[in-house]
There are 2 protein chains.
Amino acid sequence: MILLCNNKEAMKRKPGEDGGSKPKGPGAAFLLAQVGAHAASRFAARLTEADLVPANAGIFRILSATPAISQQALATALGTVPSRLVALVDDLEARGLVERRAHETDRRTYALHLTDKGKATMEIISKIAREHRQDLLAALSEEEQATLSGLLQRVAEQQGLLWGVHPGYARIGQSDKT
Amino acid sequence: MILLCNNKEAMKRKPGEDGGSKPKGPGAAFLLAQVGAHAASRFAARLTEADLVPANAGIFRILSATPAISQQALATALGTVPSRLVALVDDLEARGLVERRAHETDRRTYALHLTDKGKATMEIISKIAREHRQDLLAALSEEEQATLSGLLQRVAEQQGLLWGVHPGYARIGQSDKT
DNA sequence: TATTGTTATACTCTATAACTATA
DNA sequence: TATAGTTATAGAGTATAACAATA
C-alpha cells in the first residue's frame, strides 16, 4: 500500500548494465522495502494455516527460547507495550497454547510458558518458516542465498538493527497509506 | 512491530560459517522483512522533512511519469482504491502541488497534473531518496550494492512483483501486531 | 446501464493513560 | 512510592458500499 520509488531511467536498467553516473537499478533501497513487505505479507498468509498472526509467531519464538518470562519482559523483548500483550496472551491461553503460571515470589508477576500443545505449534511455525524461506528465495541458488544473507546482515548491523527483532513500520512519519 | 524469526542456532551463526545442514543465518527471509521494514520506516521519516508521507511520494512518482492521468487510473497504478485518493489529492491540491484539470471530453474525469511547485517537490523527493539509499547501504561497497540489487531483482521477478510497485503489507492474514 | 469522483460508515489496530493489586 | 498486569478510551487508517453527475 505504499509506493515510493522514483527514478524512471534507473528502473529500465538491468542490474549489471550501468550506462551512466549512478549505480544500482530501481534503487536497492526501494527493492528492499518492496521485497521485504512482500516477504512479511507471504509469511503472514502462511501463518493463517495455523490460525496465527505474525504477532503470535513472535511470542512463540521468545517463549520458546526464554520460558518463564514475564509479560513485562516479553513486551520489552518484542519492542512493544505491555498492554498490547494482554489480548494476545489471553487468546493463546484460551486456545491452550500458552500458560500463565504464578511467579514463585512475586504475586504480581506471571511466568509465561508454552504448553505441550504450544510446543507442537512452535514446530508448525518452524515448518512454515522453512517453507516460506524456500519459496521466497526459489530464484536463488544456495550460494546466492548465502550471499544475500551476508549482505543483508551487514546492512542490518550497520543500521543498528537487533538480531531477530523485527521493528515493523515504526510509524515515525504519519501513515503508510496507498 | 512484528517479529517472526525462529531459529536460534542459525541466529548465532555468522554469514559464512555453515557448520551444519541448513545454509543462511537468521534466515534471509526474515532479514529481508526486517531490513525492508527498516528501510521503509527510514524513508518515511526522511519524507517528513518535506511534510510528506510515503503515499504522497507514490502519487508524485506516477504523476511525474504520467501527467494528465485520471484518479481512477492513478488508483490502479498505485494498487489502491479510488476513494483513498480523494483525501490525498485534496491535500496536495490545497498545498498547491497538484492540480485537477478538466478532462477534454469527459466531464466526469479529472486530468491530474503536478504544478511547478509540485515539480520542485518531486526534485526534493528524488534527493531524499538518493540520500536514503546512501545511508541505508553505507555498509556496502558500490559493487556489493549492485550485487544486492541484482539478487533482489531476481527474487522480485520470480515472485511476480511489479517494477516500482510497493505492495505494502497486504493484510492477507489478520493483523501486523506486536 | 456503466463509470468517475465523492462521501459515509463501520471496523481494525494501537497508543495512552488510568486503575488494582501487589511490592 | 514503584511495579505487574489490566482495562478503557480515543484516535488514526482503511475498506466497503452507497451516492450524484455524467457517459
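Proteins come first, then strands; the chains are lettered A, B, ... in the order of their sequence lines, and each starts at number 1.
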Quiz item: Pick the nucleotide of DNA chain D nearest each of A/Val89 and A/Arg108; which residue has the one closer to the 5' end?
Solution: A/Arg108
Quiz item: What pair of heavy atoms forms the shortest contact from A/Ile69 to A/Ala73, and how long is it?
Solution: CG1-CB, 3.5 Å
Self-check item: Close side-chain approach of A/Leu63 to A/His113, heavy-atom, < 4.5 Å
Solution: no
Quiz prompt | Nearest listed nucleotide, side chain of B/Ser83, among D/dA17, C/dG5, D/dA21 | solution = D/dA17
Quiz item: Of all the nucleotides listed (D/dA15, D/dG5, C/dT6), which has the minimum atom distance to the side chain of B/Val86?
Solution: C/dT6
Whole angstrom value for the distance that separates [atom2] of [N] from [atom1] of [X]:
| X | N | atom1 | atom2 | value |
| --- | --- | --- | --- | --- |
| B/Asp90 | D/dG13 | CG | P | 16 Å |
| A/Asp106 | D/dA4 | CG | C1' | 7 Å |
| B/Asn56 | D/dG13 | CG | P | 12 Å |
| A/Gln71 | D/dT7 | CD | C1' | 13 Å |
| A/Leu74 | D/dT3 | CG | C1' | 17 Å |
| B/Arg107 | D/dA20 | CZ | P | 18 Å |
| A/Leu85 | D/dT6 | CG | C1' | 12 Å |
| A/Leu78 | C/dT14 | CG | C1' | 15 Å |

Would you say a side-chain N or O of [X] is under 4.0 Å from OP1 or OP2 of [N]?
| X | N | value |
| --- | --- | --- |
| A/Gln72 | D/dT3 | no |
| A/Arg100 | D/dT6 | yes |
| B/Arg84 | D/dA15 | yes |

Quiz item: For B/Arg42 and A/Gln159, does a side-chain donor sit closer than 3.5 Å to a side-chain acceptor?
Solution: no
Quiz prompt | Modelled atom types, side-chain donor and acceptor of A/Gln145 and A/Arg133, under 3.5 Å | solution = no
Quiz item: Base, sugar-phosphate alone, or nothing: which one does B/Thr109 contact when heavy atoms must sit under 4.0 Å apart?
Solution: sugar-phosphate
Quiz item: Is any side-chain N of the basic residue among B/Arg95 and B/Asp51 closer than 4.0 Å to the acidic one's carboxylate O?
Solution: no
